[in-house]
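A short worksheet on the structure shown next.
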Amino acid sequence: MELKTIQTHHVPVRYLEGGSGQPVVFLHGAGGLTAEDPFVARLAESFHVYAPFLPGYGDSEECPSLRDMLDFTLHSWDVVDALGVKDPILVGHSMGGMIAAEMAAVAPHDVSRLVLLCPSGLWLDDHPIPDIFATLPFEMPALLFHDVAAGQAMMTAGLAVDDPGFLQTYLVTNARQLGMAGKILFPIPERGLAERLYRVKAKTLLVWGDSDKLIPPVYAQEFKHRIAGAQLVSVPEAGHMIHWEKTRECVEAVKRLA
Amino acid sequence: MKFTWFNLMPWPYLPDDFREKNRSVWVDIDQSLFDPEKSHAVYNTYMDLLEYAGTVGFDGIGVNEHHQNGYGIMPSPNIIAAGLARRTKDVGLVVLGNSIALYNPPVRVAEEFAMLDCISGGRLVAGFPVGTSMDTNYCYGQIPALTREKYQEAHDLIMRAWHEREPFAFNGRYNKLRHVNIWPRPIQQPNPPIHIPGGGSVETYDFCIDNTYSYSYLSFSGYLRAKALMQGYWDRVAARNAPDSSPYRAGFAQTICVAETDEEAERLYSEHISYFYNRCLHVYPGFADAPGYRTIKTIQTGALSQYAPPRGGYTQLTWKDLTEQGHVIAGSPETVRQRMEDLIKGLHVGNIFCLMHVGNMPADKCMYSTKLFAEKVMPKLRNMFPDYADDDRFWCKPMAGRVSAGALPSEREAALVGAKA
């Protein structure tokens with residue numbers, strides 16, 4: 001994958017690009033994205049993939065003027081426009097799925113295929129989503145993975161945890177990334193999407209891990225119920241980081257819409 | 001020097017095994033530990049103690065705002081201050097403060113502070129904290145990365161509401177108000193003095209310097225650990241070419257316990273100190289700093305949360321550790337005087353927020369310590385900054401001819417009204 005920069009109205013946006021074929025735009029979750037992301041790499045074996053970083057993520061510039069859900073949604077359309085792709089398959093994971101669903105709701109004629117990997121954006125009082133902003137790093141793997149030990153290894157791979165500067169770097173990254181995510185996820189990851197999902201015209205595929213402990217599968221039913229014609233792919237032995245734990249299944253799902 | 005007697009209002013009935021059985025004293029503290037009927041006496045005793053401090057020579061009595069917090073049962077400091085305004089005469093009322101980003105709309109703060117200033121005859125010292133992340137983000141749901149912007153807007157709105165004499169429209173990002181026209185407005189003109197509690201944000205330093213507000217560092221870890229942070233502030237004061245470096249531009253909170261001798265101080269107060277540092281400060285680290293609450297610049301300066309306990313936690317700190325490391329200044333009047341001098345000179349601070357009620361300290365011990373400090377320590381510290389003796393920019397200016405509570409005519413006089421007419 002190649003790391004590139006494109007200018008948009010608000011800020012220069014960093015994005016990964018690779019592969020060839022039909023265009024796919026992938027929107028990452030609150031945890032962010034790296035050039036080594038296994039899902040993006042696998043997707044690029046079959047598609048022309050664009051994976052933009054939300055401002056503040058990775059090494060990209062922050063954007064204080066993006067404050068609310070509409071700002072995030074329109075900015076994400078700005079990115080697609082700037083990339084010059086028309087009607088890409090829009091794929092979003094978690095927070096990225098929330099943004100993708102909003103994009104499809106505000107501009108239903110501009111997106112015909114939508115893949116939502118365990119998206120956030122809905123809230124059920126009987127099934128409260130854990131507060132990731134009050135979750136300590138060492139508690140995260142248990143929320144995010146079906147195979148917690150393997151997940152922990154994936155999350156800490158390449159991190160110099162013993163480096164004295166690690167904590168400060170970690171805190172800065174966290175403040176940049178989760179600070180940004182918090183604008184649409186804090187304190188409750190819900191910004192009215194439920195009232196707008198009726199507008200989605202795209203053929204929609206929902207992909208959900210059976211052992212998702214962050215956004216439990218009951219939310220898959222809620223999305224399915226609210227998006228006309230949406231289909232659900234339930235994946236056994238997969239947690240919230242389904243695109244890492246079951247990369248092949250997620251890529252197959254995207255291929256079903258190709 | 002300005003000495004303010006402060007009460008955080010801790011809940012005094014946290015069980016011995018609180019720390020082992022609970023993850024946090026704040027945000028999600030166990031509801032069953034609060035007993036409303038017991039709180040009746042707790043609140044009234046705490047208010048009595050504040051009033052008492054107002055009679056023994058302190059310049060101010062201080063209250064603050066916390067939410068869902070076992071060591072601060074004062075979600076509304078204004079309610080407490082209103083009670084104090086009626087029952088005290090000359091002492092400053094230091095409300096440190098109202099977390100202005102939390103009030104909707106923030107003109108509520110402009111109004112309530114104006115009411116307090118009017119009722120007290122101009123005795124209000126107003127505080128505008130951003131609020132801790134625990135209070136502001138985790139309890140009151142403010143979006144961390146937008147909190148400072150909202151705070152700034154709230155500040156601008158409150159100041160305009162206090163200063164303007166015509167109704168005005170305020171088209172803010174977070175507040176849309178067609179007719180801002182507060183009634184009443186404060187006695188103190190153009191506004192009551194303003195203190196800003198901060199925890200090391202460079203932005204807050206600058207905000208204080210640029211507006212001539214006093215910067216207060218409300219730490220529990222004592223003056224020795226505060227040196228770097230306060231030096232950062234004073235460096236900034238110099239760097240931004242402030243017209244002076246008056247010590248009243250800064251304030252510091254310090255836990256203080258006074259007895260006849262050092263040994264007596266340990267005997268009388270160590271269990272209450274231990275209660276505070278071991279139980280009351282037991283905050284779940286996941287609530288200490290919501291990502292986005294601190295700016296990147298602040299994190300990079302290394303000013304991490306004061307709520308992150310020292311390595312190893314407070315439990316391992318004994319009375320000796322806590323006093324030697326300066327978390328607590330305790331001992332005989334002479335010991336306390338020496339250490340207070342070190343604090344005042346070392347940090348160059350003119351406003352001291354004296355945390356003299358500590359943890360589950362009973363009223364009699366608290367009065368004993370308070371009186372000793374007021375009589376045997378405070379007078380010797382009064383003239384630490386003779387060059388700035390006339391600097392009154394950061395303290396309240398009560399009006400002349402203030403009335404007292406309870407100055408109604410007698411019922412007999414009232415009964416004669418009809419006859420006179």
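Letters go in sequence order (proteins before strands), and every chain restarts at 1. Computed from a prediction, not measured in an experiment: that's the story for all the values here.
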Residue among A:T169, A:L136, A:I184 with most heavy-atom pairs under 4.5 Å to chain B:
A:L136

For the atom pair OG1 (A:T173) and OH (A:Y57), what is the distance rounded to the nearest 0.5 Å?
11.0 Å

Applying a criterion of heavy atom separation less than 4.5 Å, what residues of residues 139-155 of chain B form contacts with chain A?
B:G141, B:Q142, B:I143, B:P144, B:A145, B:L146, B:E149

On the six-membered ring of B:F170, is B:R160 placed so that its NZ or CZ lies under 6.0 angstrom from the centre and within 45° of the ring axis?
no

Proximal component of A:E139, with respect to chain B [non-hydrogen, under 4.5 Å]:
side chain

Any A:H240 side-chain heavy atom under 4.5 Å of A:S94 side chain:
yes

So with a 6.0 Å cut-off around CD of B:Q31, is the heavy-atom count from everything else above 12?
no

Residue B:I79 excluded, over 12 heavy atoms near CD1 under 6.0 Å:
no

Does any non-hydrogen side-chain atom of B:Y217 lie less than 4.5 Å from one of B:L229?
yes

Fit a plane to each ring of B:F220 and B:Y71, take the angle between them on a 0 to 90° scale, and name the class: parallel (under 30°), tilted (30 to 60°) or perpendicular (over 60°).
perpendicular

For B:D135 and B:T132, does a side-chain donor sit closer than 3.5 Å to a side-chain acceptor?
yes

Can a cation-pi geometry be assigned to B:R108 and B:Y103, taking NZ or CZ under 6.0 Å from the six-membered ring centre and within 45° of the ring axis?
no

Check whether B:Y138 gets within reach of chain A through its side chain, its backbone, both or neither, counting any heavy atom under 4.5 Å.
both

Is a donor from one side chain sitting under 3.5 angstrom from an acceptor on the other, for B:T298 and B:T295?
yes

Neighbourhood of chain B inside residues 187-195 of chain A, taking heavy atoms under 4.5 Å as contact
A:P187, A:R191

Would B:Y284 and B:W26 count as a close aromatic pair, with their ring centres under 6.0 Å?
no

